[in-house]
Structure formats: C-alpha cells, structure tokens
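Working notes for the structure below.
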Amino acid sequence: MVEEGTRLWEPTPEIVRDAKVTRYMEWLGRPVDYQALWQWSVDAPAEFWTSVWDYFEVAGARGDGPVISGTMPGVEWFTGSTLNYAENALRRAASEPDRLAVVFRDESGARRTLTLGELAGEVARVRAGLARLGVGRGDRVAAYAPNVPETLVAFLATASLGAIWSSCSPDFGAPSVIDRFTQIEPKVLIAVDGYDYNGRRFDRAAVADDIAARLPSLVARVRMPAGGAAAGRADTAGTAGTAGASAAGPVAGDSGHPVVSWQELRSDEEPLAFEPVPFGHPLWIVYSSGTTGLPKPIVHGHGGVVLEHLKALSFHQDLGPEDVFFWYTTTGWMMWNYLIGGLLVGVTVVLYDGSATHPGTDALWRLAAEEGVTYFGTGAPYIIASMKAGVKPEGLEKLRGLGSTGSPLPPEGFAWVHDTLPEVQLGSFSGGTDVCTGFVGAVPLLPVDAGVIPCRCLGAKVESFDPSGEPVIGEVGELVLTQPMPSMPVMFWNDPDGSRYRESYFADYSGVWRHGDWIKILPDGGCVIYGRSDSTLNRGGVRMGTSEFYRVVERFEEIADSLVIDTGQLGQEGRLLLYVTMAEGAELTDDLVTRLRTTLRDELSPRHVPNEITEVPGIPRTLSGKKLEVPVRKILLGTPPEKAANLDAMANPEVLSHFTPKS
C-alpha cells in the first residue's frame, strides 16, 4: 500500500527555469511563485484573463467593453470583442505550412498525417462545401463520427463559418444520439457507416439512417469515410479526404434531404476565411452523460475555450510547438475537444481510433513510443489496467508528461507511473464537460505526491465548502467555484430563461457553482478528489467518498472492477453493498471475501465493511467510462432499471439486470 502524500516527483531547476508558466511570470514581472500567481489570478480575474489574451496574442479584435460584467450565473466576458476559434487554431498555417499538425493512427497500425498547410487547405474545402449546403453563422452541424482527421477538419470548417459543432462517437446507439441531436436541430449531419474496434468491424449504416430520419431539421447529410478501406490503410502523408467515398453528386436520402459524399463536400478549392464572432458566440455543444434523464446540451463560447485552453495546455501541461500531444478519447467525450485544442499552442496532435487494449494492454504505450509522444493522456482506469497487467512501457525517452483524468487515480496508480516512468511528471486533472477543462491539476513548478492533485488551476477559484457553506482547508467538503471562469457554459441549448442551467449548478449556493464532487484542499494548495458527492458512503455518520473504497478493493489482483452502493436514506441507515467483477481466471472465494472484509476494516473503518459482496459480470458504466453509482442505487431502492438509467447512454446496459433486487 502506498501512503497518500508520499513524495514521488520533484521538478529540477532546469524544468522550473524552462517551464512556459515561468516565462509567463517573467513576462508579467512577477516572482516565480505558483501559489502567489494563483492567488492573483483569482483575486484579479479581469487582469489575469486580459494578460492571457495579450501574452498569447490572440487573433481577434478587443472591444472597449469590460472584461467581466455581471455575477454568476449571468457573467459576460470581453464585451464587444470578436474572434474565431478556427483562426486561432490555424494561425501558424501561413507562416509554417510544412509543420506537422496531425498524426492519425488506428488499432490496425494504419497511419496518416497532415501538415498545417494541408490541414488549412482541407478546412477551406470543407468550409466551402458546408457553405454550399447553406450552413452559416449560428447553424448547427452534427457529427456521428470517430476520432479521425476528417472529423477535426469538419469541426474547424464549422467553427470558421461561425456555425455550431456537436459530435457523438459511433459507439453511441441511435436513441442516445437522437436524444442529443434532436434538441439542437442540426442543419447538416456528418455520419460514418461503420467503425473498427477491438479487431472487429461495426456496421453503422442503419443507425446513421435512423438518426437522419429522426432529424427533420436536416437539409443535407454527408457520408464521411472512416475506418476500413474507406479511410485508407496505407501510410499516407497527404490530404485527409482524398481516400474513400465517391465523388459522385448528391443523392436523395430516405427523408428527402440530399446525401453528399465527403469527396463532393470538399470538391471546391477556395481561400480559407474566418467569420469574426462575439467572445461568447457558441462554438460547440457538448452533453452531460444523460444516464438519469435527457442529456443537458452544454454550450461553450469561442472566446472562453480559446483562453482557457491556451492557459491550461501551455501553463499547466507545458505544451508548445515542440510537443507531440496524445490523449486517448472519442468524439463523444470532452477530452476530444481538449485534445484538438493543442492546435492553439502549436503542438502536433495525435488522433487515435480504436480500442486502448487491442491487441494488448500496452497498445497505447506502443503508439506513444512509435510517434515520439511528449505528453500522453488517458483515463485513470487505463493506468490501473496497465499496472495490474504488469505492463512495462518502453521506448518513451521523449515522454515528459502524463495526464490522467475521468475518475480519481489512487495513490497506487501514482506510484506505478513513478516507478515505471520516473522522469515523467504525472498530472492528475479533475474538471468536467461542464467547463471543458480541469480546474484542479498539475503545473511543472510543483512536486507530485501520491494521490494528491498538486494545485488549483490558474483562474479557477476552487474551494471546499462545509455543510454550512463555509470554506474549509484540510477537510473534505463540497467542491465549489466561487469566481467565474470564461469556459463556463454560455448557456444550455433550448433553455431560454436559464432555469435549467441555474438548477444544474447554482441551486445550492447563491452565486456559487456547486460541481458535485467531494474535495479536500490541503494547506499547501494540493487537492484530493473523493468522488461524487451524490454517491457518498455514510456509515454511522462517517462520510466517505467512493474513490477511497475503490482504492482498497481494486488493489486486489483478483478484482478487475468494483462498485459500492450505500442504500441508506435520510434518517435511516441502509446496507452497504459491494459488487465485484473478477479478473480473468479469478474466483470470488470465501478466502478472498475474508481478505476483502479484513482489509476494508483495517484501512477504512469497521463501519465500511460491506454487508454483502456479490460477483457480477460487469460494472455499469457510461459511454465515457464513468461508473453508474447513482442509477444503481436507485435500482436497489426499487426504481425499474429502464427508469433509473438511460440504457442507450451506457457502454454495457446488459449488466444492469444483475443489480435488480431479488423478490
């Protein structure tokens, strides 16, 4: 067992000297002191965010209006200013057209590349095609597409027009996609007919047809090449769209709208242009998980995303033009939006489509070695899976940063990264789709301790509130934001009076964003995340986040995954139920049950020994990999599974039946 707080990594004087955040502090004329910089960034937010715009020389026109006006949840940023995300992402294309911008890989080993000049050229072509279809400022373009270069091109083309992007990955079922896209009424749907995953081809033609048929707002559908022969299997360094679908003209779809091939969409070569839009103009629409109701369509603005991603990627992850940036994600998770934000700071972005563990658990590590990745990002479960599988990554001499997000990483995961890659800084980040970034994370200036996130991010006034709504240090409390961030949602779509937005974040504390996680802020500014505050374990008045429980249980080699549920209700203590999925070849023996109970008693408390330990074939998760604690609790308290969770928003809905109470 690794003790929380054990020092694992410290920056060398050279790392501190060369860090991009150090250069920023020198530019400001401030001493190299991260905590002092953070305090200034939240005490003087208008000055801080203005400095970010100026330091990065954001392409756009600064207006005469105030930097910040109003209070949460009705804040307006940079009134009168205009800019365009795509222009900032492609600003280096004219001066450095031969710089490598994108590397695409899939699980078969296929590889394609795009230089900045080629990427800009493809964006110009697709922009012209979308405009031909009638897409303009404020229109929505929806994509049912994997993490391939064509999806990135389509997004940048959409943004360049001032239109609004939204995407779902093709592993989403039709009802889940329809729940999302019908809310936003897209004008154009870009969809693939299939994708590859875990060595198998999945046909999505019928699903794409079903989605299109349920979107009466469509004026056209675009068939995108992706995967298999359609996207090209050879290693090619060229345009993203030259392989695949026929260049034949549009044909009528079943719903009456034309169906256009990708080649037809990109058939015209026109100069690239960018529509200047207000700072808060919608850039994209992302969605909450939708596991307990209709997904919330969360809208982020051009300016907020540009400033936040410039700050986060440069100052916290220390990325710049010399870097090769990879994060394992799909287009249905906000980390795709964050990954492609690397273009803003000039990195080479690595896109990967496929399984993280095909043909073996080390698949992503091998990819990183082959592509010379300097910053590698993934979800915490992949790190734990690599640890349990005994993976020993090799050939990662260029790697200097590793990011982990999606769920809390236990101290053992921190220690495995340090033991395996001792020179690499681990950055555990926590934030969310809601802000499309992390608001607690790492920075090159600070050491890394096991189980501890080193700092609150610049411009993010994260605090821990006790039950009375007072900030506390060194105690577990509600994670709140007491100052606005520019990447907070500009609105929810179809929420004209803002009531749904206010209820989601501001119902508990007036003018304060409640995020829904437990957090402990340490005296030195470090943070520990304990999981969702709406799935707390409350045993005899002792509250504990589920991440502490999982840390103990999932350390056992015999256990592949687990879920813990407290069925207690207000004024009534319930049963503590532990569900486990066994590792391959392992069994839930009486001896293992005894060892589990003993370890939980010793490391947590006697109150946290489960009443029952049950083996299940799988732990229910969302499509982005999060455990479904709250829906399972509802099922155990009597709610039918189909009402407790949206089955189409789940990665494995078939396992829910194993949590239904026995009659």
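Hydrogens, waters and symmetry mates are skipped; everything else that's a heavy atom, side chains included, is used.
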Using the test side-chain contact (heavy atoms from CB on, under 4.5 Å), find all partners of E57 that sit at least two apart in sequence or belong to another chain. R91

Identify which one of W336, F155, W165 satisfies the ring pair (Phe, Tyr, Trp, His ring centres under 6.0 Å) criterion when paired with W284. F155

Counting heavy atoms not belonging to E322, are there more than 12 under 6.0 Å from its CD? yes

Say whether, by atom type as modelled, one donor and one acceptor occur between the side chain of H302 and the main chain of A86 under 3.5 angstrom. no

Taking salt bridge (charged side-chain N to carboxylate O under 4.0 Å, His left out) as the test, write out the residues that go with R502, two or more places apart. none

Taking E308 first and then K311, would you say they form a salt bridge - that is, a charged N and a carboxylate O separated by under 4.0 Å? yes

Could you pull out all residues at least two apart from E10 that satisfy side-chain contact (heavy atoms from CB on, under 4.5 Å)? R7, P447

Please name all residues satisfying salt bridge (charged side-chain N to carboxylate O under 4.0 Å, His left out) with E47, sequence neighbours left out, ordered by chain then number. none

Just to verify, which of F439, Y505, Y509 counts as forming a ring pair (Phe, Tyr, Trp, His ring centres under 6.0 Å) with H515? F439

Quick one: list whatever passes salt bridge (charged side-chain N to carboxylate O under 4.0 Å, His left out) with D54, sequence neighbours left out. R62

Salt bridge (charged side-chain N to carboxylate O under 4.0 Å, His left out) partners for E478, two or more places apart: R514

Pair Y24-S51, side-chain donor/acceptor within less than 3.5 Å: yes

Flag if over 12 foreign heavy atoms under 6.0 Å of CD, E423: no

Distance-only polar pair, side chains of E76 and T79, donor-acceptor under 3.5 Å: yes

